[in-house]
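Just so we're clear, the structure is a prediction, and the values are computed from it rather than from any experiment. Chain naming here is simple, since letters A, B, ... match the order of the sequence lines and numbering starts at 1 in each.
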Protein chains: 2
Amino acid sequence: MPTPARTSRRDIVAAGRDLVEAEGLEGLTMQRVATAVGVRAPSLYKHVSSRGALVKLIVEDVVADLAASLEGRGRTGDAGDDLAVLATVFRDFARAHPETYRLIFSPLPEDWRPDPDRLAEASRPVLEATTALAGSDRALDAARTVTAWAHGFVSMELADAFRLGGDVDRAFGFGVASLVDALSRSVPAR
Amino acid sequence: MPTPARTSRRDIVAAGRDLVEAEGLEGLTMQRVATAVGVRAPSLYKHVSSRGALVKLIVEDVVADLAASLEGRGRTGDAGDDLAVLATVFRDFARAHPETYRLIFSPLPEDWRPDPDRLAEASRPVLEATTALAGSDRALDAARTVTAWAHGFVSMELADAFRLGGDVDRAFGFGVASLVDALSRSVPAR
DNA sequence: ACCTGAACACCGTTCAAGT
DNA sequence: ACCTGAACACCGTTCAAGT
């Protein structure tokens with residue numbers, strides 16, 4: 001006689017994401033997720049195949065939210081301003097969800113990694129802005145430069161790795177301005 | 001009656017570091033470390049206070065090696081060239097020790113983090129180069145921009161996050177050249 | 001002074017048994 | 001069809017007992 005499901009993959013992913021945000025990835029245990037959704041740990045395996053698979057679902061959920069935050073934010077008419085806006089939205093997302101942001105850029109085992117298409121979706125707005133700013137020949141290199149800088153900056157900020165004093169907000173502004181400046185010029189001389 | 005030590009903190013850190021490099025942080029179990037140094041797990045606690053403390057010692061060991069690699073490499077006479085050399089040494093280090101590189105930039109629990117002084121030591125060569133390139137007023141902002149970019153680039157490369165094709169080496173060269181270009185100019189106009 | 005086996009409180013995961 | 005308790009093979013860590 002069938003039993004109605006007492007939980008769902010959706011609930012499990014949401015509960016898992018909350019757990020990660022609250023306690024980090026190591027706080028994500030199957031037992032705690034189970035308690036959060038009102039079930040025993042073994043029952044989770046009817047909905048997700050393993051803890052790793054759950055991590056992957058959580059990562060994809062977070063990446064989708066990040067993509068949605070960036071979507072349509074680079075449309076001021078000035079490609080340099082667009083890039084600055086995108087960088088700020090990106091940084092704000094990271095600060096609003098520090099643990100899950102860390103998670104999506106963590107070195108995860110192969111089978112826990114999100115579908116590459118989801119990542120491509122999140123990076124499209126940046127690519128559009130760099131195309132406008134630096135030309136289509138240089139757009140990919142330029143997007144990689146900006147993305148690397150933004151991710152590096154934000155992850156160092158979250159890791160509390162800027163320890164030499166100074167104004168971190170100013171350093172962020174300085175970084176965007178320098179990049180926009182460099183990318184809007186013709187090919188560097190070196 | 002005293003027993004002579006069958007292992008040492010030094011051996012334990014070295015064995016732990018090898019384990020992390022070979023299998024990632026989650027491969028670092030006290031039991032495996034113990035086996036590697038020829039002892040049982042409980043004995044390790046005579047030499048390190050916890051697994052977290054061992055992780056911290058490993059991180060500090062890796063950071064010291066990174067600092068040594070960078071030391072004295074930014075001295076060509078041209079500050080732009082210096083920065084390019086430092087970036088390349090940094091990237092080579094990451095590719096030579098991918099797992100331990102990841103570890104030192106991982107979001108670690110507070111008490112597992114290395115002594116800030118060790119990190120400052122590793123970043124000094126960059127700060128010297130940006131001082132020469134951008135002037136002392138802008139040196140810190142410039143160093144943060146370069147460091148963020150380099151770390152972001154390398155960590156995305158290691159995470160296999162550059163999935164849109166193109167030449168990753170060229171993107172790295174493009175990034176350094178753009179940054180050097182921007183930082184060697186006067187204050188950006190934005 | 002260091003090393004050990006036994007024990008404790010946890011993990012993730014499997015599986016037969018319940019409804 | 002989903003949920004459960006019991007079990008298995010692991011963890012990190014503590015501690016009394018050995019040398």
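DNA chain D forms stems at C:4-8 with D:12-16, C:12-16 with D:4-8, each a run of 3 or more consecutive Watson-Crick or G-U wobble pairs whose two key distances fall under 3.5 Å.
For the segment residues 29-39 of chain B, residues with any heavy atom less than 4.0 angstrom from an atom of DNA chain C are, sorted by number, Val39(B). Contact check of residues 5-24 of chain A against DNA chain C (heavy atom, cut-off under 4.0 Å) returns no residues at all. Using a 4.0 Å cutoff on non-hydrogen atoms, the parts of residues 43-58 of chain B near DNA chain C are Ser43(B), Lys46(B), His47(B), ordered by number.
Applying the side-chain hydrogen bond (donor to acceptor under 3.5 Å, both in side chains) test to residues at least two apart or on different chains, the pairs with a partner in residues 148-158 of chain B are His151(A)-Ser155(B), Ser155(A)-His151(B), Arg91(B)-Glu157(B), Arg95(B)-Glu157(B), Tyr101(B)-His151(B). Screening residues 144-153 of chain B for salt bridge (Lys or Arg N to Asp or Glu O under 4.0 Å) gives no qualifying pairs among residues at least two apart or on separate chains.
Legend: residues meeting side chain to side chain contact (heavy atoms under 4.5 Å, CB included) with Ser123(B), ordered by chain and number and at least two apart, are Leu164(A). Residues meeting the side chain to side chain contact (heavy atoms under 4.5 Å, CB included) test with Arg32(B), sequence neighbours left out: Leu19(B), Glu23(B), Thr29(B). Remark: Ala150(A) pairs with Phe90(A) by the side chain to side chain contact (heavy atoms under 4.5 Å, CB included) rule, at least two apart or across chains. With sequence neighbours left out, the ring-ring contact (aromatic ring centres under 6.0 Å, His included) criterion links His47(B) to no other residue.
For the pair Val59(A) and Thr100(A), the minimum side-chain heavy-atom distance is 4.5 Å or more. For the pair Leu70(B) and Val126(B), the minimum side-chain heavy-atom distance is 4.5 Å or more. Within the 4.5 Å cutoff, side-chain heavy atoms of Glu128(B) are placed close to those of Arg75(B).
For Asp167(B) against Asp169(B), the heavy-atom pair with the smallest separation is OD1-N, 2.9 Å.
Atom CZ of Arg51(B) is surrounded by more than 12 heavy atoms from other residues, nucleotides or ligands within 6.0 Å. For Arg10(A), the CZ atom counts as loosely surrounded, since its 6.0 Å shell holds 12 or fewer non-hydrogen atoms of other residues, nucleotides or ligands.
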Let me check something: any side-chain donor-acceptor pairs from residues 35-43 of chain B under 3.5 Å, sequence neighbours excluded? List them with distances.
unit_1	atom_1	unit_2	atom_2	d
Thr35(B)	OG1	Gln31(B)	O	3.0

Show the distances under 3.5 angstrom between N or O atoms of the protein and N or O atoms of nucleotides 5-8 of chain C.
unit_1	atom_1	unit_2	atom_2	d
dG5(C)	OP2	Arg40(B)	NE	3.2

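Cluster annotation: Val176(B) and Leu127(B) are assigned to distinct hydrophobic clusters (Ile/Leu/Val/Met/Phe/Trp/Tyr, side-chain heavy-atom contacts under 4.5 Å, transitive). Placement of Met156(A) and Phe153(B) within a single hydrophobic cluster is found when ILVMFWY residues are connected by side-chain heavy-atom separations under 4.5 Å, directly or transitively.
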